[in-house]
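For reference, the structure discussed in these notes is given below.
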Amino acid sequence: MTGRVLAILDAFSSPSCDGLTLVAISERSGLPLSTTFRLVNELHAGRILTRDEHRRYKIGPRLLELAG
C-alpha cells in the first residue's frame, strides 16, 4: 500500500507539473485506474491532494504542512 501511495505522489515530481488528471496520475504511477481512483480519493479526503475546478489534482496543504 505504501509503495502505491508513493508512486502516486511521485507522479507529481516533475518541476513543470501544474496539476494532473486521474488518468495522468494512473499513467505516471503505473497503477491501474481503479486503484489510482481509490487511493487518490483517500489522499484528497486527507488533504494530501487537492482538486481544482478542472478535475486536476495538485499537492495539497496537509502534505506541505508535514514537509515543513
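In this chain, residues are counted from 1 in sequence order.
Judged as a salt bridge (Lys or Arg N to Asp or Glu O under 4.0 Å), the pairs with a partner in residues 6-21 (not counting sequence neighbours) are, in order, D18-K58.
No continuous path of ILVMFWY side-chain contacts below 4.5 Å connects L64 to L6, so the two sit in separate hydrophobic clusters.
In this structure, CG on L22 lies 11.5 Å from NE2 on H44, to the nearest 0.5 angstrom. Note: L9 CG to I25 CD1 = 9.5 Å, rounded to the nearest 0.5 Å.
Nearest heavy-atom pair, S29 versus A7, reported as atom, atom and distance to 0.1 Å: CB-O, 3.6 Å.
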Which atom pairs, one a donor and one an acceptor, fall under 3.5 Å between side chains of residues 32-41 and the rest of the protein, sequence neighbours left out?
from	atom 1	to	atom 2	distance (Å)
T36	OG1	P32	O	3.0
N41	ND2	F37	O	3.2

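Annotation: side chain to side chain contact (heavy atoms under 4.5 Å, CB included) contacts of T21 (sequence neighbours excluded): V23, A24, R56. Legend: residues meeting side chain to side chain contact (heavy atoms under 4.5 Å, CB included) with R47, ordered by chain and number and at least two apart, are P61, R62, E65.
Side-chain contact between L49 and F12 is present, with at least one heavy-atom pair separated by less than 4.5 Å.
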